[in-house]
*Asks:* 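Right, I'll just put the structure down here and ask away after.
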Amino acid sequence: MERGIITSAYVTVTPTEGFNSTYCRYLLHAYDLMKVFYSMGEGIRQGLTYDDLGRTLLIPKPPIDEQRAIASNIVKMESAVDMAIDKQNAMIEKLEEYRKSIIYNAVTGKIDCRDQEEK
């Protein structure tokens, strides 16, 4: 799904029949996050070949409909998380505007803070 990456450090994998590409992408990404691939090589540069991948990498293969459902659920969860992050960022921006406004009004004398108790 990515374009423009040219290096020998990346392996291109094309799913065979019976695999959903989105499911495979999320599965391999999860393997990467869990550092599964690190156990397959040695040293600074991972000496991992296609044969190593085929022999040592376990890829669960539920029925294709289940793979689609898994991928679809992940996409929905990602979307919900992205929306929550966007809402939080908008709230942070609005609070920052309020903060700046209060400071500006206090500095310019539009509000008098001298009689306020310090806490």
*Asks:* Atom NZ of Lys61 and atom SG of Cys24: how far apart are they, to the nearest 0.5 Å?
*Replies:*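 Separation between the atoms: 9.5 Å.
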
*Asks:* Can you name the salt bridge (Lys or Arg N to Asp or Glu O under 4.0 Å) partners of Glu96, sequence neighbours left out?
*Replies:*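 Expected list: Arg99.
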
*Asks:* Given 3.5 Å as the limit, does a donor-acceptor pair link the side chain of Asn105 with the main chain of Ser101, or not?
*Replies:* yes

*Asks:* Can you list the residues that meet the side chain to side chain donor-acceptor pair (under 3.5 Å) rule with Glu78, with sequence neighbours excluded?
*Replies:*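 Scan of Glu78 (side chain to side chain donor-acceptor pair (under 3.5 Å), adjacent residues dropped) gives Tyr26.
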
*Asks:* Do other residues, nucleotides or ligands put more than 12 heavy atoms under 6.0 Å from the CE atom of Met91?
*Replies:*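 At most 12 heavy atoms, drawn from other residues, nucleotides or ligands, come within 6.0 Å of this atom.
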
*Asks:* Return yes when atom OH of Tyr104 has more than 12 non-hydrogen atoms of other residues, nucleotides or ligands closer than 6.0 Å, and no otherwise.
*Replies:* no

*Asks:* Are Met34 and Leu27 connected, step by step, through hydrophobic side chains (Ile, Leu, Val, Met, Phe, Trp, Tyr) whose heavy atoms are closer than 4.5 Å?
*Replies:* yes

*Asks:* Are the side chains of Gln67 and Ile64 in contact, using a 4.5 Å heavy-atom criterion?
*Replies:* yes

*Asks:* Find out whether Lys94 and Tyr98 are in side-chain contact, i.e. whether some heavy atom of one side chain is under 4.5 Å from a heavy atom of the other.
*Replies:* yes

*Asks:* So Ile59 and Phe19, do their side chains get closer than 4.5 Å, heavy atoms only?
*Replies:*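 Yes, their side chains come closer than 4.5 Å.
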
*Asks:* Does one hydrophobic cluster hold both Met83 and Val81, with members joined at side-chain heavy-atom distances below 4.5 Å?
*Replies:* no

*Asks:* Rounded to the nearest 0.5 Å, how far does CD1 of Ile102 lie from CD of Glu97?
*Replies:* 12.0 Å

*Asks:* Got a sec, which residues hit side-chain contact (heavy atoms from CB on, under 4.5 Å) with Lys87, two or more places apart in sequence or on another chain?
*Replies:*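 So Lys87 forms no side-chain contact (heavy atoms from CB on, under 4.5 Å) with any residue.
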
*Asks:* Quick one: pull up CG in Leu95 and CD in Gln88 and give me the separation to the nearest 0.5 Å.
*Replies:* 9.5 Å

*Asks:* Do Tyr23 and Ser72 have side chains that get closer than 4.5 Å, going by heavy atoms?
*Replies:*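 Not touching, per the 4.5 Å side-chain cut-off.
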
*Asks:* Determine the minimum heavy-atom distance between Pro62 and Ile70, stating which atoms define it.
*Replies:* CG-CD1, 4.3 Å

